[in-house]
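Structure, as structure tokens:
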Amino acid sequence: MSTQQVVDAHAAVPADPPPPPASLRSRIGSAFAMFRNGKSIAGLIILGFFLLIAIFAEWLAPFPAPQIDARARLQPPSAEHWLGTTPLGEGGVRPIIWGARGVMVVGILATVIAVTIAVVVGVVAGYTTGWKSESLSALANVFLVIPGLPLIIIVASLFEDPPLWVIAAVLGLTGWAWGARVLRAQTMSLRNRDFVLAAKANGEPLSRSIAVARLPNPLGLIPASAVGTMTAAVIGLTTLSFIGVIPVSNYNWGTILNWASAQGAFQQNQWWWYLPPGLCIAAIGVALSLLNFGIDEYVNPRLRSAGERARALKKRGMNVNDTVTQVRSVPLGDEKS
């Protein structure tokens, strides 16, 4: 067969059809694949529950309270008041509901500020070289050692009633450095990859090279940084409220604990006053920890393969923690001498 006949034969063979474009549903599903495991789903459910309480606080507990009985002060939980009553005679559910709003507003706003700064500084510092990269790295190191709580105390002293956005801004401005360092290290590891060098050779502008070539790779680290920042923000807000730095007019769970401590609820064992806000703070911490574990399981290939193997064993009815390997028994007559 001549060369021309071989070429004609190859031309006669139809080419494989191009793969169909991914649907919008599949693209969205792949973007949120890190939230598909059980740990992430449980954490999102808990956070969503408190977020809904914070959004619909006016509907769940209208303010001011419609009924306040001064004679029903500091009563234990009952069928009428599930969480007992406060020193004012109102039900204990109301402070918990309104406290959720303060915690969620500060936590989410501080997280948005910190993650935005961390992404910009970390990715740009990892992409650039020379004095630009070193300057951004030094800036992150400076903010890494700035104590957040003393700074908030100083800022709060400048206001008679500091608004929540000011507290969230200070927490966000002091909580971005760790995430920026991690993103810088991850971005620097991609500096000499082929697709990055190809983007430079094609004359891609800096903004497009960062957004298209660099940023999609460390995306798994951004949710983990957001979870850590929100945890620190919630703990910082409740701590400052408990020690009395933030006025009691700013409703949050730390304010309730401050009231309980000032009124001697700990000494008089009035557990229905201080235990519910403490459990709510713990529930937020558990939700963020579960979310972090789920994200880590997705980002880390070793943990992801171990999790997939464990789920496959559970579907087969096998014990995941069993250290004994199941082997197939062979009859004596089938053994080879």
Side-chain angles (χ1 to χ4, degrees), residues 28-55 99-123 140 143-144 146 148-149 152 164 167-187 215-240 252-254 278-304 306-307:
I28 295 176
S30 61
F32 291 92
M34 66 183 66
F35 303 115
R36 289 180 180 178
N37 54 58
K39 300 183 183 68
S40 297
I41 292 175
L44 289 175
I45 289 175
I46 298 174
L47 285 179
F49 172 74
F50 285 108
L51 183 60
L52 290 176
I53 290 178
I55 294 174
R101 169 170 291 187
V103 170
M104 297 304 293
V105 167
V106 172
I108 294 175
L109 187 57
T111 301
V112 171
I113 295 174
V115 170
T116 302
I117 299 176
V119 170
V120 173
V121 174
V123 175
F143 275 87
L144 192 63
I146 292 178
L149 293 182
I152 295 178
L164 292 177
I167 301 170
V170 176
L171 289 172
L173 291 175
T174 56
W176 61 268
W178 179 84
R181 287 182 59 85
V182 175
L183 289 172
R184 176 178 179 267
Q186 181 69 16
T187 308
L215 188 57
N217 291 277
L219 278 180
L221 300 175
I222 297 176
S225 177
V227 168
T229 303
M230 187 170 182
T231 304
V234 171
I235 295 176
L237 174 66
T238 53
T239 301
L240 291 171
N252 62 77
W253 297 326
L279 291 177
C280 289
I281 297 174
I284 292 290
V286 169
L288 294 173
S289 299
L290 290 174
L291 196 57
N292 194 17
F293 293 155
I295 295 172
D296 193 19
E297 181 178 329
Y298 176 81
V299 174
N300 192 331
R302 186 172 299 177
L303 294 178
R304 181 168 52 190

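Note that the numbering runs from 1 along the sequence shown for the chain. For the numbers below, each heavy atom of this structure counts, side chains included, while hydrogens, waters and symmetry mates do not. Treat the numbers as computed from the prediction; the structure is a model and nothing was measured.
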Going from [atom1] on [X] to [atom2] on [Y], what distance comes out if it is rounded to the nearest 0.5 angstrom?
X    : Y    : atom1 : atom2 : result
W176 : L144 : CH2   : CG    : 9.0 Å
T174 : I113 : OG1   : CD1   : 10.0 Å
L173 : I117 : CG    : CD1   : 5.0 Å

Can you check whether [X] reaches [Y] side chain to side chain, under 4.5 Å on heavy atoms?
X    : Y    : answer
M104 : I284 : yes
T231 : N292 : no
I46  : F50  : yes
L47  : L288 : yes

### Message
Could you go through F49 and I53, starting from their C-alpha distance and side-chain angles, then the distance that decides it, and tell me whether this counts as side chain to side chain contact (heavy atoms under 4.5 Å, CB included)?
### Response
CA-CA 6 Å; F49 172 74; I53 290 178; 3.4 Å; yes
Would you name the heavy atoms of [X] and [Y] that are closest together and state the gap between them?
X    : Y    : value
G294 : S40  : CA-OG, 3.2 Å
A233 : G107 : CB-CA, 4.1 Å
G179 : S225 : CA-OG, 3.7 Å
V119 : L183 : CA-CD1, 3.7 Å
A114 : T229 : CB-CG2, 3.4 Å

### Message
Tell me which pairs pass salt bridge (Lys or Arg N to Asp or Glu O under 4.0 Å) where either residue lies in residues 99-108, with sequence neighbours left out.
### Response
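Qualifying pairs: E58-R101.
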### Message
Which residue is it: I167, L240, V106, L237? I am looking for the one with a side-chain contact (heavy atoms from CB on, under 4.5 Å) to N252.
### Response
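Considering I167, L240, V106, L237, a side-chain contact (heavy atoms from CB on, under 4.5 Å) with N252 is found only for L237.
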